[in-house]
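This report refers to the structure that appears directly beneath it.
Quick caveat: nothing in here was measured; it's all calculated off a predicted structure.
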Amino acid sequence: VVVSIVIKCLKFSQKNKKKSQKREMGGCCSDIQGGQQAVRGGGGGGGGGRSYQQHHQQNPTTSTKSGVVEETTASNDAVDFFYRSQGLQALFTPLELSLSASKLLDRDILSKSDPMAVGYVKRKDGTLEEFGRTEVIMNTLNPVWIGKFSIAYQFEIVQPLVFRVYDVDTKFHNLPVESLKLKEQEFLGEATCVLSQIVTKQNKTLALKLQRKDGHGAIIDLGSLTVHAEEAISSRQAFEMIFHCTQLENNDLFSKSDPFLRISKIVEGGNVIPICKTEVVKDNLNPIWKPICLTMQQFGGKDNPLLIECFDFESSGNHKLIGKLQKSVADLEILYQEKAGANFLKASSVRHDHMKTLKGQLFVDEFCEKTMYSFLDYISSGFELNFMVAVDFTASNGNPRLPDSLHYIDLSGRLNAYQQAIFEVGELIQFYDSDKHFPAWGFGGRTTDGGLSHCFNLNGSPSESEVDGVNGILSAYSNALHRVALAGPTLFGRVINKAAQIASQTVSDNQRKYNVLLIITDGVLTDLQETKNALVKASDLPLSVLIVGVGGADFKEMEILDADNGKRLESSTGRIATRDIVQFVPMREVHAGGQISIIQALLQELPGQFLTYMRSRNIVPHFGNDFHSPVG
């Protein structure tokens with residue numbers, strides 16, 4: 001079963017996210033350039049995302065590991081271990097839900113109710129999947145349950161939850177709660193919510209009404225249920241280090257070695273699990289590597305042993321061991337404090353059971369302790385996501401009045417590709433936006449004045465671009481098809497610049513907002529360099545750009561913008577993007593894969609991009625008024 005699960009996840013990753021794997025997997029991927037990149041330890045409770053990790057410079061974990069079919073309630077330990085063994089982090093952000101209730105209905109005559117709570121995840125087809133039961137508490141109408149519900153929080157999907165409370169009959173009190181038949185217990189009420197509603201609360205606590213319907217269908221209030229969420233992680237403590245080596249052995253004949261470090265933790269039984277590797281430094285026997293960050297979750301404790309190996313990179317994948325040594329994080333801190341080096345060891349060519357001390361040494365140039373806040377830390381402390389949409393109105397979409405058009409509005413209610421992308425992405429992100437006022441634009445169309453516009457307000461207003469909620473976007477889009485003539489060409493630069501203006505304003509106003517622009521398009525991009533310029537400029541701002549490709553066009557240029565080959569975008573003036581802010585998904589490939597939804601594919605990198613921005617600006621999630629204080 002374990003092998004089957006891992007193989008299925010790998011097949012999905014290879015089919016749908018090959019380019020992301022090249023960027024993230026480091027030495028695990030097949031291309032030379034990808035293998036030479038770092039697989040950063042750290043990222044902390046990533047983000048949001050199921051431990052949306054941050055390996056490479058752009059950060060996140062979520063990218064290559066979304067072999068998740070649908071709303072999963074708990075992480076799979078086998079798959080989770082497999083990815084961790086590759087130096088990657090968890091698939092999900094594991095949460096623990098604590099429940100309490102008040103003013104429950106008293107069903108007992110001579111005593112009070114004996115309540116138990118049951119948790120469910122509501123599937124897409126409306127069915128409920130149970131994921132936990134509390135213990136039974138005797139004789140109380142205000143229970144505070146000790147038992148916790150474990151659930152995996154996944155940023156890129158909506159996770160509807162249902163909680164039901166029962167009064168357990170005394171004759172069943174000696175039975176394990178798992179064996180209780182709920183039909184035999186008295187129903188005390190039901191409460192529903194979405195998991196993201198809980199985690200976006202400042203204290204991650206949500207109060208819900210317990211209700212049931214009477215015989216006439218009327219809803220009756222039956223007390224309240226309070227749900228509190230906590231991340232099930234041991235520590236946010238992390239250590240950032242810079243390593244360099246001196247006098248490494250040269251394994252190459254006509255040049256110098258191309259060294260990189262691989263760090264593994266040593267677990268019970270002597271097995272080693274890789275947790276991080278540096279980038280390759282070419283042709284250098286005295287290399288200095290970029291900073292790495294190791295979290296406490298990765299190595300377990302400062303005194304736990306780590307295996308540090310230095311390899312000479314080979315494009316064949318048969319990397320040659322230069323030397324190795326064993327140190328704990330505490331040992332590495334001492335090396336830093338004493339400015340001392342540690343000699344590498346290598347098995348003797350004469351006696352393989354004897355380790356030879358080499359001249360090559362490892363030094364720790366920097367060592368500092370950091371707190372790695374998660375995506376949920378920021379969201380629950382008041383940060384929000386500001387959703388924006390830009391829709392392609394170029395003629396290549398086809399006549400909206402004809403059924404073969406990508407813009408055709410089906411009177412039966414079936415959503416076209418544009419409506420589907422708006423609805424699915426907006427439905428999720430709206431939970432992270434308190435006012436739910438979304439800027440919405442069109443591009444590539446002729447407006448009512450006859451002029452061609454590459455950034456016009458979707459609602460027809462000459463000055464105001466915001467609409468109310470996801471339904472407001474869908475309504476504005478539908479109405480715009482009646483007054484805007486499809487034209488062309490396909491230009492992104494102006495809508496990206498418009499979104500960047502809004503993002504810049506949030507910074508100027510010191511707002512706790514991160515902006516997300518969704519661009520839906522069917523065409524081949526005709527302003528590639530202008531778009532690159534806009535994205536490079538926007539990479540310094542709290543902004544991510546999600547691009548959905550609809551139809552059968554060639555989207556190769558979109559993949560360039562995605563920068564999933566590890567090469568950051570470059571502007572026409574030679575400026576390099578400070579981070580990757582683009583995620584592109586062709587809808588046809590997601591549908592062909594059939595394993596994840598468009599929003600899972602599209603949003604999987606967003607929490608990591610969010611965290612990269614926050615950490616690069618030293619913005620920490622304070623629960624008071626001062627949320628912009630730098631990390632110490």
Side-chain angles (χ1 to χ4, degrees), residues 23 38 40 42-43 46-48 52 54-60 63 240 290-291 293 370 372-373 375 378-379 383-388 390 429 432-433 439 441 455 491-519 525 527-547 558 560-584 603 605-621 627-631:
R23 178 176 63 177
R40 301 286 179 210
Y52 278 97
Q54 4 304 295
H55 296 323
H56 46 81
Q57 292 106 325
Q58 283 77 7
N59 282 4
S63 295
E240 185 172 277
K290 294 178 182 178
C293 191
K370 304 181 73 173
M372 304 299 287
Y373 294 104
F375 177 74
Y378 288 93
I379 293 300
F383 283 82
E384 296 187 355
L385 301 182
N386 183 38
F387 185 43
M388 301 175 276
I429 292 184
Y432 303 88
D433 190 326
W441 305 290
C455 185
L491 307 179
F492 284 0
R494 296 182 194 179
V495 293
I496 293 173
N497 285 332
K498 187 68 174 179
Q501 289 176 15
I502 294 176
S504 180
Q505 192 62 46
T506 63
V507 175
S508 300
D509 295 341
N510 209 28
Q511 296 179 4
R512 287 185 275 190
K513 286 194 174 183
Y514 188 88
N515 302 272
V516 181
L517 171 63
L518 172 65
I519 298 177
L525 194 61
D527 67 336
L528 181 60
Q529 190 56 58
E530 182 183 348
T531 298
K532 285 184 179 180
N533 293 345
L535 290 170
V536 170
K537 185 177 180 181
S539 66
D540 287 325
L541 296 169
L543 175 67
S544 286
V545 180
L546 313 176
I547 305 174
M558 305 299 180
I560 295 174
L561 299 180
D562 201 342
D564 273 347
N565 59 2
K567 184 177 181 181
R568 295 188 188 179
L569 295 178
E570 183 176 348
S571 72
S572 55
T573 60
R575 181 184 172 192
I576 304 298
T578 56
R579 61 193 182 95
D580 176 21
I581 66 171
V582 177
Q583 172 75 348
F584 168 71
L603 296 178
E605 290 188 11
L606 180 57
Q609 292 174 358
F610 174 98
L611 287 172
T612 306
Y613 175 80
M614 297 298 171
R615 291 169 181 168
S616 68
R617 298 296 184 274
N618 288 333
I619 300 172
V620 301
F627 60 88
H628 251 298
S629 300
V631 175

Original post:
At what distance, to the nearest 0.5 angstrom, does CG of D433 lie from CZ of F387?
Top reply: 10.0 Å
**OP:** Could you check if a side-chain atom of P439 sits within less than 4.5 angstrom of a side-chain atom of I502, using non-hydrogen atoms only?
**Re:** yes
**OP:** Measure the spacing between NZ of K537 and CZ of R575 and express it to the nearest 0.5 Å.
**Re:** 8.5 Å
Subject >> Between Q529 and N533: side-chain donor-acceptor atoms closer than 3.5 Å >> reply: yes
Subject >> Under 3.5 Å: donor-acceptor pair, side chain of D527, backbone of G493 >> reply: yes
Original post:
Counting N and O atoms only, with roles assigned by atom type, does the side chain of S504 sit under 3.5 Å from a partner on the main chain of A500, one being a donor and the other an acceptor?
Top reply: no
Subject >> R579 side, atom CZ; L569 side, atom CG - distance, nearest 0.5 Å >> reply: 12.0 Å
Original post:
Taking the side chain as C-beta and beyond, is there a heavy-atom pair between M388 and W441 under 4.5 Å?
Top reply: yes
**OP:** May I ask you to test the I619-F383 pair for a side-chain heavy-atom distance under 4.5 Å?
**Re:** yes
**OP:** State, yes or no, whether a side-chain contact exists between L541 and Q501 at a heavy-atom distance under 4.5 Å.
**Re:** no
**OP:** Determine yes or no for a side-chain-to-main-chain donor-acceptor pair under 3.5 angstrom, with Y514 supplying the side chain and E384 the backbone.
**Re:** no
Subject >> Side chains of M614 and Y373 in contact at under 4.5 Å (non-hydrogen atoms) >> reply: no
Original post:
Hey, which of V582, L546, T531, I496 is the one that makes side-chain contact (heavy atoms from CB on, under 4.5 Å) with I519?
Top reply: I496
Subject >> Pairwise distance CG(D580) to CD(Q609) - rounded to 0.5 angstrom >> reply: 5.5 Å
Original post:
Should D562 and Q583 be marked as a side-chain contact (heavy atoms from CB on, under 4.5 Å) after you check the CA-CA gap, both sets of side-chain angles, and the distance that decides it?
Top reply: CA-CA 5 Å; D562 201 342; Q583 172 75 348; 3.6 Å; yes
**OP:** Determine whether more than 12 heavy atoms belonging to other residues, nucleotides or ligands lie under 6.0 Å from atom NZ of K498.
**Re:** no
Original post:
Are side-chain heavy atoms of V536 and I576 found at a separation under 4.5 Å?
Top reply: no
Original post:
Roughly how far, to the nearest 0.5 Å, is CG of L525 from CG of L491?
Top reply: 7.5 Å
Original post:
Quick one: does T506's side chain have a donor or acceptor within less than 3.5 Å of a partner on Q511's backbone?
Top reply: no
Original post:
Can you name the residues that form a side chain to side chain donor-acceptor pair (under 3.5 Å) with T573, not counting sequence neighbours?
Top reply: S571
**OP:** Spell out, as yes or no, whether a donor-acceptor pair under 3.5 Å connects the side chain of Y613 to the backbone of I581.
**Re:** no
Subject >> Minimal non-hydrogen separation, L517 against A499, with atom names >> reply: CD2-CB, 3.8 Å
**OP:** Report the relative orientation of the aromatic rings in F610 and F375; use parallel for angles under 30°, tilted for 30 to 60°, perpendicular for over 60°.
**Re:** perpendicular
**OP:** Applying side-chain contact (heavy atoms from CB on, under 4.5 Å), run through F492 and V545 and close with a yes or a no.
**Re:** CA-CA 11 Å; F492 284 0; V545 180; over 6 Å; no
**OP:** Could you grab the distance from atom NZ of K370 to atom SG of C293, nearest 0.5 Å is fine?
**Re:** 5.5 Å
Original post:
At their closest point, which heavy atom of A538 faces which heavy atom of L543, and how far apart are they?
Top reply: CB-CD2, 3.8 Å
Original post:
Given the rule in the side-chain contact (heavy atoms from CB on, under 4.5 Å) test, do M372 and L611 qualify, once you have shown the distances and angles that lead to the verdict?
Top reply: CA-CA 9 Å; M372 304 299 287; L611 287 172; over 6 Å; no
Original post:
Do E605 and T612 have side-chain heavy atoms sitting under 4.5 Å apart?
Top reply: no
